[in-house]
2 protein chains.
Amino acid sequence: MRFIKSMKTFHVLAEPNRLLIVELLREGPLSVGEIAERLGFNQPQASKHLKVLSDAAIVEVEAIANRRIYKLRAEPFQELNNWIESYRSIWDERYDRLENHLQNLKKKDVKLNNDESK
Amino acid sequence: MRFIKSMKTFHVLAEPNRLLIVELLREGPLSVGEIAERLGFNQPQASKHLKVLSDAAIVEVEAIANRRIYKLRAEPFQELNNWIESYRSIWDERYDRLENHLQNLKKKDVKLNNDESK
DNA sequence: ACTTTATATACGTTGACAGGAATATTCCTT
DNA sequence: AAGGAATATTCCTGTCAACGTATATAAAGT
C-alpha cells in the first residue's frame, strides 16, 4: 500500500515526547545532552527516543567527537505533506469548487463530442 | 501547547486498521457494516475503531434508521495541514530560498536605514 | 593509564490498547 | 408484541512499548 511510509511516521510522531523532540529540533540541530536537558528527560530516555526517530528516518546523526548531533530530515515531512495533499479535496473547499468547475468543463466537452459524432 | 490536537490525530491514525478505514472513507460515507465487510473486520472491531475515530473528531456519524453512516470531517485534516505547513522551511527547498531572499532584502533594508540615520 | 564526559544498550516493570467472543441496545418489520 | 437486523458495549487476554535503573561503550582530558 502506498501510505505505509507515512504510517510509520504517524506512529513515531504519535508519542508525545518524541513530538516534543521534533518540535525542539525545528529550531536547529542539537546533541543528545542538550535535548535531554531542555526537555527534562533523563539521558537514556532521550537516546531511546532518538533511536526510534532515527530508525524512522525522521532524524539524522552527525558524530562530532564525543557527541552526536541530531537534526531533522526533510523527506518524511515531504511525504507527510504528499499524503495530506492527497486528502485535499476533503478539507479544502476551494479545491472542491475547482474540481466541480473542471468536472463541468469535462461534461461540456463530452456533449460537444457527442454532437460532433452525430 | 499548540500541537496537541494534531498529536491526537497522529495517535489515532497511527493504528493501521484505522488508517485503512480513513482511506476507505475517502471514497465517500459508509455504514459500519459496509466498512467491516470491505475491510474484512468483524463488526465489533469496526465499531470500536469508529468510536476512536469519532472521539478524535476525525469522523462524524449520521444515524439513518438502523444504520450509522460515517464520513470524514475536514477539520483534523486542515489542522494536520497547518501543522505540516509550519514545518515547511524544513522540507521545502524553494521555501528556503525564498526565505533567504527575504532575509537578504531585510538586511539591505537595515543597511539603508542605517545610512539614512547617519 | 586513569578519570570524566557523552551516549548507547540491556533488563525488568507497568500501562495502554487492539483483538475476539459474548452480550446489550436500538430500530425496523410483520 | 416478537423476531430480526445493525450497531454498540463489555469483559478478557495478549502484546507492545515507554519508563527507570543499571551498565556498557567510546572518546577526551589530565
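In what follows, chains carry the letters A, B, and so on, assigned in the order in which the sequence lines appear, proteins first and then strands, with residues in each chain numbered from 1.
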Euclidean distance, atom NE2 of residue A/His11 to atom C1' of D/dT15 [Å, nearest integer]: 12 Å
Between P on D/dA6 and CD1 on B/Ile69, what's the gap in Å once rounded to a whole number? 12 Å
To the nearest angstrom, the CG-P distance between A/Asn66 and C/dT3 comes to 17 Å
Gap separating the OG1 atom of A/Thr9 from the CZ atom of A/Phe77, nearest 0.5 angstrom: 8.5 Å
Give the intermediate values and the outcome of side chain to side chain contact (heavy atoms under 4.5 Å, CB included) for residues B/Gln78 and A/Tyr87. CA-CA 10 Å; B/Gln78 289 164 350; A/Tyr87 278 77; over 6 Å; no
Quick one: is C/dG19 close enough that its OP1 or OP2 comes under 4.0 Å of any side-chain N or O from B/Asn17? yes
CD1 (B/Ile35) and CZ (B/Arg68) are apart, to the nearest 0.5 Å, by 13.0 Å
A/Ile21 has an atom CD1; how far is it from atom P of D/dA18, in whole Å? 11 Å
In terms of the nearest nucleotide of DNA chain D, which residue is placed more toward the 5' end: A/Arg68 or A/Glu15? A/Glu15
Along DNA chain C (nearest heavy atom to each residue), the more 5'-positioned of B/Val52 and B/Ala65: B/Val52
Value for CD (A/Glu23) from CZ (A/Arg18), rounded to nearest 0.5 Å, stands at 14.5 Å
Value in whole Å for how far the C1' atom of D/dA6 lies from CG of B/Leu50: 13 Å
Between the CD1 atom in B/Ile84 and the CG atom in A/Leu80, the distance rounded to the nearest 0.5 Å is 4.0 Å
What are the residues of residues 37-49 of chain B, sorted by number, that bring a heavy atom to within less than 4.0 Å of DNA chain D? B/Gln43, B/Pro44, B/Ser47, B/Lys48
Just N and O in the side chain of B/Arg67: are any of them under 4.0 Å from OP1 or OP2 of C/dT26? no
Are side-chain heavy atoms of A/Ile69 and A/Leu30 found at a separation under 4.5 Å? no
Taken to the nearest 0.5 Å, the spacing of A/Phe41 CZ from A/Leu50 CG works out to 9.0 Å
Figure out the NZ/P separation between A/Lys51 and D/dA18, and round it to whole Å. 13 Å
When you check the phosphate oxygens OP1 and OP2 of D/dA8, does a side-chain N or O of B/Tyr70 lie under 4.0 Å from one of them? yes
In whole angstrom, give the distance that lies between atom CD1 of B/Ile35 and atom C1' of D/dT7. 12 Å
Starting at CG of A/Leu13 and ending at P of D/dA18, how long is that distance when rounded to a whole Å? 12 Å
